[in-house]
Amino acid sequence: METALLTTQDAQYAGELLKAGEVVAFPTETVYGLGADATNDLAVKKVFVAKNRPADNPLIMTVADVEQLASFVTISESARQLMAAFWPGSLTIIMPIKPGQVSMLVTGGLQTVAFRLPANETARAIIRAAGVPIVGPSANTSGKPSPTTAQHVWHDMQGRIAAIVDDGPTEVGVESTVIDMSTDTPTILRPGAVTQQQLEAVLQQPVFDATSTESVANHVTPKAPGMKYRHYAPDKNVLMFDPLDALALKSALAAEDVVMAQDETLATLNLPLTRTWSLGATLDSATEQLFAGLRYYDESPDVGTIYVEKMPPIGLGKAYNNRLAKAAGNQEFTL
Ligand code: AMP
Ligand code: MG
């Protein structure tokens, strides 16, 4: 199959491809998504094939407005509050399905389904043009870092899907926050740009973070089916490091090792440019650059270990550290 490269001007055409049962990669503010008509089982199957995704890992459904999801799920008062506060945006909300309304392929056999309404204008224009909710998992091969540019999507998906809509690099750089609103206590299943504090402020009740180190240490069973799969993992060895250990790291580096860090840390390390990937000066820029740097070095020959700086675990830092820890298989540089 020839994969067409489209621009943001082609939203109408992309929507028509989706309506016709084709798979189209589309931009969102978090990472690029792999779209297919969520009401067409044949189309949804193509997504699993293109991504090489395990069938028991459910897909997120993506909509252009709240009316589009009302026939599929029961929306609680608290879920409505979250939609009002954070949509359009990078929050995915899990709700109980109305029996028989969502394909088993999408839910992975669960009685719940995850919905998101993205902020990216082109994403919404495409979904409106399609006229149906679309599934929208990240547009990478399963197990690889999520794509934050159309070039990343091209690398993983060329020849496997009908089209890619290019809208430049994504703004956030990590996937949406996933919150389960089908249980008594609202529960974060994946940290993202919308934080626990922000969710608690809107809901006026405690939100449980199933991904926090305390929960994992207390052996809370993973609730998101996807949590059991290895994610974001480059083939190369990845190690996280604390910026306070920068000087020790400098003396431990082998000639072929590379470092991804913020500018201040890179200044301390004073390494050749070819061996460093700048994460900029802010938490936002670090999050935006994380997957791009991991992909770049994973594909570069002659690269040994990839060392990546950890961020303070507050706000977006939790989402950043969560993705980094997965990429590193939890391995840390120690003195
Ligand atoms: P992705 O599609 O790659 O962005 O990942 C979506 C994440 O949401 C995966 O970790 C899924 O396992 C999780 N997810 C999707 N739907 C549900 C659901 N109904 N219940 C729990 N987790 C879900
Ligand atoms: Mg994914």
Side-chain angles (χ1 to χ4, degrees), residues 23 25-36 38 44 46-48 50-63 69 72-76 79 90-99 101-118 120 123 133-148 152-153 156-157 170 172-183 185-194 208-211 220-234 290-291 294-295 319 322-323 326-327:
V23 177
F26 63 100
T28 81
E29 69 279 15
T30 57
V31 302
Y32 275 76
L34 208 53
V44 174
K46 291 183 190 171
V47 169
F48 282 93
K51 277 183 67 78
N52 198 12
R53 184 176 174 111
D56 64 346
N57 194 1
L59 299 174
I60 290 174
M61 276 167 84
T62 311
V63 290
L69 59 84
F72 299 99
V73 280
T74 311
I75 311 175
S76 67
S90 55
L91 180 69
T92 296
I93 306 174
I94 294 175
M95 291 167 281
I97 50 169
K98 293 184 174 165
Q101 292 305 302
V102 185
S103 164
M104 290 261 293
L105 284 175
V106 175
T107 62
L110 300 172
Q111 298 308 314
T112 54
V113 69
F115 271 101
R116 180 159 112 81
L117 201 163
N120 183 286
I134 63 174
V135 293
S138 49
N140 53 293
T141 306
S142 254
K144 290 286 146 202
S146 294
T148 56
H152 295 158
V153 181
D156 284 15
M157 294 295 155
T170 60
V172 180
V174 293
E175 306 83 348
S176 57
T177 304
V178 176
I179 186 167
D180 190 349
M181 295 302 290
S182 72
T183 50
T185 307
T187 303
I188 294 172
L189 302 183
R190 179 170 75 184
V194 176
F208 179 66
D209 182 354
T211 71
V220 176
T221 335
K223 274 221 60 185
M227 284 177 176
K228 69 176 185 234
Y229 297 109
R230 191 147 179 256
H231 270 108
Y232 323 109
L290 176 65
F291 288 153
L294 287 173
R295 273 185 177 260
N322 168 269
R323 305 313 191 277
K326 288 186 180 204

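Please read all numbers here as calculations on a predicted model, not as lab measurements. Order of listing sets the numbers, starting from 1, for every ligand and every atom in it.
- Heavy-atom contacts of Val113 reach the following atoms of ligand 1: 19 (N) (cutoff under 4.0 Å).
- Residue Ser138: an N/O/S atom is found under 2.8 Å from the Mg ion (ligand 2).
- With distances taken over non-hydrogen atoms, the option nearest atom 1 (P) of ligand 1 out of Gln111, Arg53, Lys51 is Arg53.
- In this structure, CD in Glu175 is found 10.0 Å from OG1 in Thr148, a value given to the nearest 0.5 Å.
- Inspection of the Arg323 and Ser146 side chains reveals no N or O donor paired with an N or O acceptor under 3.5 Å.
- Atom CG in Asp180 sits 10.5 Å away from atom CE in Met95 (nearest 0.5 Å).
- With no hydrogens or angles considered, no side-chain donor-acceptor pair links Thr92 and Arg190 at under 3.5 Å.
- The line from CG of Leu110 to CE of Met104 is 9.5 Å long, rounded to the nearest 0.5 Å.
- The backbone N or O of Thr112 sits nowhere less than 3.5 Å from a side-chain atom of Thr107 that would complete a donor-acceptor pair.
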**Request:** List the steps, then state whether side chain to side chain contact (heavy atoms under 4.5 Å, CB included) holds for Val113 with Gln101.
**Result:** CA-CA 10 Å; Val113 69; Gln101 292 305 302; over 6 Å; no

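- Atoms of ligand 1 found under 4.0 Å from any heavy atom of Thr112, numbered from 1 in the order shown, are 18 (C), 19 (N), 20 (N).
- Between the side chain of Arg53 and the backbone N or O of Pro58 there is at least one donor-acceptor pair closer than 3.5 Å.
- For Ile60, the closest heavy-atom approach to ligand 1 falls below 4.0 Å.
- Within ligand 1, the atoms closer than 4.0 Å to a non-hydrogen atom of Leu110 are 18 (C), 19 (N), 20 (N), numbered from 1 in the order shown.
- Any N or O atom pair closer than 3.5 Å counts here, and Glu175 shares no such pair with ligand 1.
- In summary, the atoms of ligand 1 found under 4.0 Å from a heavy atom of Asn57, numbered by their order in the structure, are 9 (C), 11 (C), 12 (O).
- At a 4.0 Å heavy-atom cut-off, ligand 1 does not touch Asp180 at all.
- Annotation for ligand 1: atoms under 4.0 Å from non-hydrogen atoms of Pro137 are 2 (O).
- Of all the heavy atoms of Arg116, none lies under 4.0 Å from any atom of ligand 1, so neither backbone nor side chain is involved.
- Here's the thing with Arg190: one of its N/O atoms is less than 3.5 angstrom from an N/O atom of ligand 1.
- Taking every non-hydrogen atom of Ser138 and a distance limit under 4.0 Å, the qualifying atoms of ligand 1 come out as 3 (O), 4 (O).
- Here the CG atom belonging to Asp209 is positioned 9.0 Å from the CG atom belonging to Leu189, to the nearest 0.5 angstrom.
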